[in-house]
Trainee: 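Sending over a structure as structure tokens; questions will come in a sec.
Note that the structure is a prediction, hence the values are computed from the model and not measured. Note that these values count all heavy atoms, side chains included, but never hydrogens, waters or copies made by symmetry.
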Amino acid sequence: MADTAEKVSEKAASFPYPGIPDVGDAGDAVIWVEKHITQGACAYPITSSSIIGEKYAAVVANGQKNIWGDTLVFIEPESEHSSASAAEGFAVAGGRVTNFTSGQGLVLMKEVLYTISGKRLPAVFHIGARALTSHSLNVHAGHDDVMAVSDCGWGMLFGRNTQEAMDLALISRRVAEDTQTPFMNIMDGFLTTHTVQNVMAIEPEMMEAYIGKPEDRIHNLMDTNNPIMSGVVQNQDSYMKGKIAQRYFYDRIPDLLQIAMDEFYKQTGRQYDLIDTYHTEDAEYVIVGMGSMLETAEIAVDWMRENDGMNVGALHVTSFRPFPGRQIVEALKHAKGIAIVERMDNPLAQSNPLTAEIKSAFADAIVNGDIDTMPKIFSGVAGLGSRDVRPGDFIATIKNLMADVPKPFFALGIDHPLALKREADPDTRPTGAFAMRGHSVGGYGSVTTNKVIATLLANLGLKVQAYPKYGSEKKGLPTTYYLTAASEPIRTHCELEVVDFVPLNDVNAFNTANPLAGVIDGGMIFIQSPHTDPAKIWEYVPDHAKALIREHNIKPLGLNAIKIALEEAPTPDLMQRFQGIVLLGIFLKHTPFKEELNLSEEELFEKVEEAVTKYWGRKGTDIVAANMGAIRRGYNEVLEIPREIIESTVP
């Protein structure tokens, strides 16, 4: 059971550095750490890690210095391979360096990754884990890129959310320099890199003490006063000796990683371990995996325990390298069955990577006499290319473990002979949560507005989660975005199917889908319209949508956001994007937050301006004022279609 807000506050107060309340996506989280502790970044843009590199480049352009007064530098060479080589050179010269990459970009680096680890260079690369282009191009989440480089001698840590992306950025840096081993800080592309959530930003004072000055921690292999040979040629007489001798460095990593995690806990109150177990103590069946989907699995575990009385649990593998085989066996040896769900598929292998590692760990434990029996181990794939993974998928996973005729290998979330059918898919949002699903067009500014709304609500004391859904084509094509706000943390990472509010900046959504699907009784819909007469706005709503609005007592709102955008945008290039920012005013007028938080209109707009300034303040006060003007007009001019019009015209 989650702690109450009072308990969390009380617990945080007992640690020296509990964090600074903030809100942002994983790019913001990673850059918060790296702009304080690194000396430079060498990176080449590739989706979905581009968001992190862009933020670092902006920091450099603004003349940012790190904690120790070093002016940061950003180097963008001609490819990902070259960026890794540049980072290698930076680290060889004793610099504290980082890189941001994904997908094919990471695989292109592979040749260089071996030499970075072989030279014992403690670089940290941040990975927006992405599906590799194979039968088709996909820029979204997958783990096949990181698994393709898992043999390069790098540590590999997986985070589930924005907070973990930040914390593991610092922890990976600490252990990299403690062990002279490079590390990857891995987060799911888009599903974590682009998801806005509440975070406790690590205090700079804590980072300074925890990490230390680069010159005190990193060897300069180019120091002419202490010359050495590095990257030499070794023949039959030497190569193997040097390779095996490197085990000295690797054998130390598990203990030093745990020490780094324990020290982080003592300073912040946030505990990390090589694995994170959830209700596994008495669990007969356990879901195992890595990344954001495991938080959804935990929610499913809670639901099954509370509603079905099932002894089930979940286990997140935070450290894939070093692999915590002993800890996993100890945590799962009593279970009847475990299902390992992975975000990649390698059909020609004996098993997919995480499954193979866990099977090997259990086999070693049996051979060594540590255990006599082992659980049945099933393997599944889910979430490839950001395919939606829902609580119902994990319920189906557990039921498959218990079935008389199970599928030892299975897929989730698709229609296929290997797939498990999703029977129950409960609404697992926190009690009292408010959810929004928007339909817009890439380039309208709606996704950024969604981030601004999330920032505003977080500044008002709510827990938030906001994220976009779009393809690699993005601009000019349909975009969906999601927002949830609640009084407690939101742990599900899946598309929202039960929502309170649906804004339609793109009215073509009526023709291409059912945007009213999942809107609760008494919910709301906003319709972009050129008309100012409510009856005229209603006239252009399709008949099938009119029937649903009447049946579910949905409140329809209308406004010409395009007209406001044209009139309020200070420059022509902002006219299209301003359509999205008008939505913020509409949102504030008809959602319950002002009343629930007992805010006056003046107090509300003060908070709005704080959020707007966070995103666009660097562009000048004129831009902030123009955004505020558009928001106020959305707030003041939005129309509600009266019930009498709705009731009198339903076909």
Side-chain angles (χ1 to χ4, degrees), residues 24-66 70-117 119 121-130 132-133 137 139-140 145-146 148-149 152 154 165-166 169 172-173 176 182-187 189-190 192-194 214 218 222 448 472 474-475 615 618-619:
D25 57 36
D28 297 314
V30 167
I31 294 308
W32 173 257
V33 172
E34 295 295 51
K35 74 180 183 180
H36 282 101
I37 66 170
T38 59
Q39 294 170 304
C42 307
Y44 186 83
I46 181 169
T47 307
S48 58
S49 63
S50 298
I51 190 173
I52 316 176
E54 289 166 3
K55 292 174 190 291
Y56 196 99
V59 166
V60 171
N62 290 329
Q64 175 89 35
K65 296 179 184 293
N66 67 15
D70 301 321
T71 300
L72 301 181
V73 298
F74 182 80
I75 301 171
E76 182 184 323
E78 51 82 30
S79 72
E80 292 88 354
H81 182 282
S82 297
S83 74
S85 294
E88 177 184 2
F90 203 110
V92 163
R96 183 175 284 161
V97 68
T98 189
N99 185 297
F100 323 102
T101 195
S102 300
Q104 250 77 11
L106 178 60
V107 176
L108 182 60
M109 294 178 175
K110 188 168 185 177
E111 175 187 16
V112 184
L113 300 182
Y114 285 110
T115 61
I116 291 174
S117 62
K119 293 177 181 178
L121 303 176
V124 173
F125 285 17
H126 302 280
I127 316 299
R130 166 181 159 178
L132 290 177
T133 297
L137 168 70
V139 301
H140 296 278
D145 59 351
V146 289
V149 298
C152 291
W154 287 56
M166 177 184 287
S172 60
R173 181 71 62 178
F183 263 72
M184 296 179 192
N185 178 32
I186 302 165
M187 60 214 81
F190 282 104
T192 306
T193 57
H194 288 61
I218 304 170
M222 304 296 286
T448 302
S472 56
K474 192 187 173 187
K475 200 161 189 178
Y615 280 89
R618 66 184 182 278
K619 295 183 181 294

Trainee: What do you reckon, is NZ of K110 surrounded by more than 12 foreign heavy atoms closer than 6.0 Å?
Mentor: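 It does: K110 NZ has more than 12 such atoms within range.
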
Trainee: Does the pair W154 and I116 meet the rule for a side chain to side chain contact (heavy atoms under 4.5 Å, CB included), with working shown?
Mentor: CA-CA 9 Å; W154 287 56; I116 291 174; 3.6 Å; yes

Trainee: Roughly how far apart are L121 CG and L113 CG, rounded to 0.5 Å?
Mentor: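 The CG atom of L113 is 11.5 Å from CG of L121, to the nearest 0.5 Å.
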
Trainee: At their closest point, which heavy atom of H81 faces which heavy atom of L108, and how far apart are they?
Mentor: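 In this case the closest contact between H81 and L108 is CD2-O, 3.3 Å.
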
Trainee: Is the shortest side-chain heavy-atom distance between I31 and F100 below 4.5 Å?
Mentor: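 Counting from C-beta outward, I31 and F100 do come under 4.5 Å.
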
Trainee: Evaluate the side-chain proximity of F190 to V139: yes if any heavy-atom separation is below 4.5 Å, no if none is.
Mentor: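 Touching, per the 4.5 Å side-chain cut-off.
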
Trainee: Side-chain donor-acceptor pairs under 3.5 Å in residues 34-42, sequence neighbours left out?
Mentor:
residue	atom	partner	partner atom	Å
E34	OE2	T98	OG1	3.0
E34	OE2	H126	NE2	2.7
E34	OE2	R173	NH2	2.9
H36	ND1	W32	O	2.6
T38	OG1	E34	O	2.5
T38	OG1	Y56	OH	2.9
Q39	OE1	R96	N	2.8
Q39	NE2	D70	OD2	3.3

Trainee: How many angstroms lie between atom OG of S102 and atom NE2 of H140, to the nearest 0.5 angstrom?
Mentor: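 Nearest 0.5 Å value for the OG-NE2 distance: 12.0 Å.
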
Trainee: In Å and rounded to the nearest 0.5 Å, what is the CD to OH distance from E88 to Y114?
Mentor: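 If I round to the nearest 0.5 Å, the distance is 14.5 Å.
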
Trainee: Any idea which heavy atoms bring A91 and I218 closest together, and the distance?
Mentor: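 Shortest heavy-atom separation between A91 and I218 comes out as O-CG2, 4.4 Å.
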
Trainee: What heavy-atom pair brings G128 and D145 nearest, and what distance separates the two atoms?
Mentor: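 Taking G128 first and D145 second, the nearest heavy atoms are O-OD2, 4.1 Å.
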
Trainee: Which pair of heavy atoms, one from M187 and one from A165, lies closest together, and at what distance?
Mentor: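 Heavy atoms only, the tightest pair is SD-CB, 4.0 Å.
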
Trainee: Mind checking what makes side chain to side chain contact (heavy atoms under 4.5 Å, CB included) contact with V107, not counting sequence neighbours?
Mentor: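 Residues passing side chain to side chain contact (heavy atoms under 4.5 Å, CB included) with V107: L132, A148.
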
Trainee: Could you point out which residue of I127, T193, T192 forms a side-chain contact (heavy atoms from CB on, under 4.5 Å) with S48?
Mentor: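 One option only clears the test, and that one is T193.
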
Trainee: Shortest non-hydrogen contact from G24 to D28?
Mentor: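 So the minimum-distance heavy-atom pair works out to CA-OD2, 3.4 Å.
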
Trainee: If you round to the nearest 0.5 Å, how far is OG of S85 from CG of N99?
Mentor: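 Answer rounded to 0.5 Å: 10.5 Å.
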
Trainee: What's the separation between atom CZ in F125 and atom CG in L106, rounded to the nearest 0.5 Å?
Mentor: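 That separation rounds to 9.0 Å.
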
Trainee: Is there a donor-acceptor pair closer than 3.5 Å between any side-chain N or O of N62 and the backbone N or O of Q64?
Mentor: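 No; judged by distance alone, with no hydrogens or angles, the pair does not exist.
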
Trainee: For A43 and P77, work out which heavy atoms get closest and say how close.
Mentor: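 Answer, listing the atom of A43 first, then P77: O-CD, 3.7 Å.
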
Trainee: Would a 4.5 Å heavy-atom cut-off, applied to side chains only, mark D25 and K55 as touching?
Mentor: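 SC-SC contact between D25 and K55 confirmed.
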
Trainee: By side chain to side chain contact (heavy atoms under 4.5 Å, CB included), which residues pair with Y44, not counting sequence neighbours?
Mentor: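 Checked Y44 against side chain to side chain contact (heavy atoms under 4.5 Å, CB included); matches are E76, E80, S83.
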
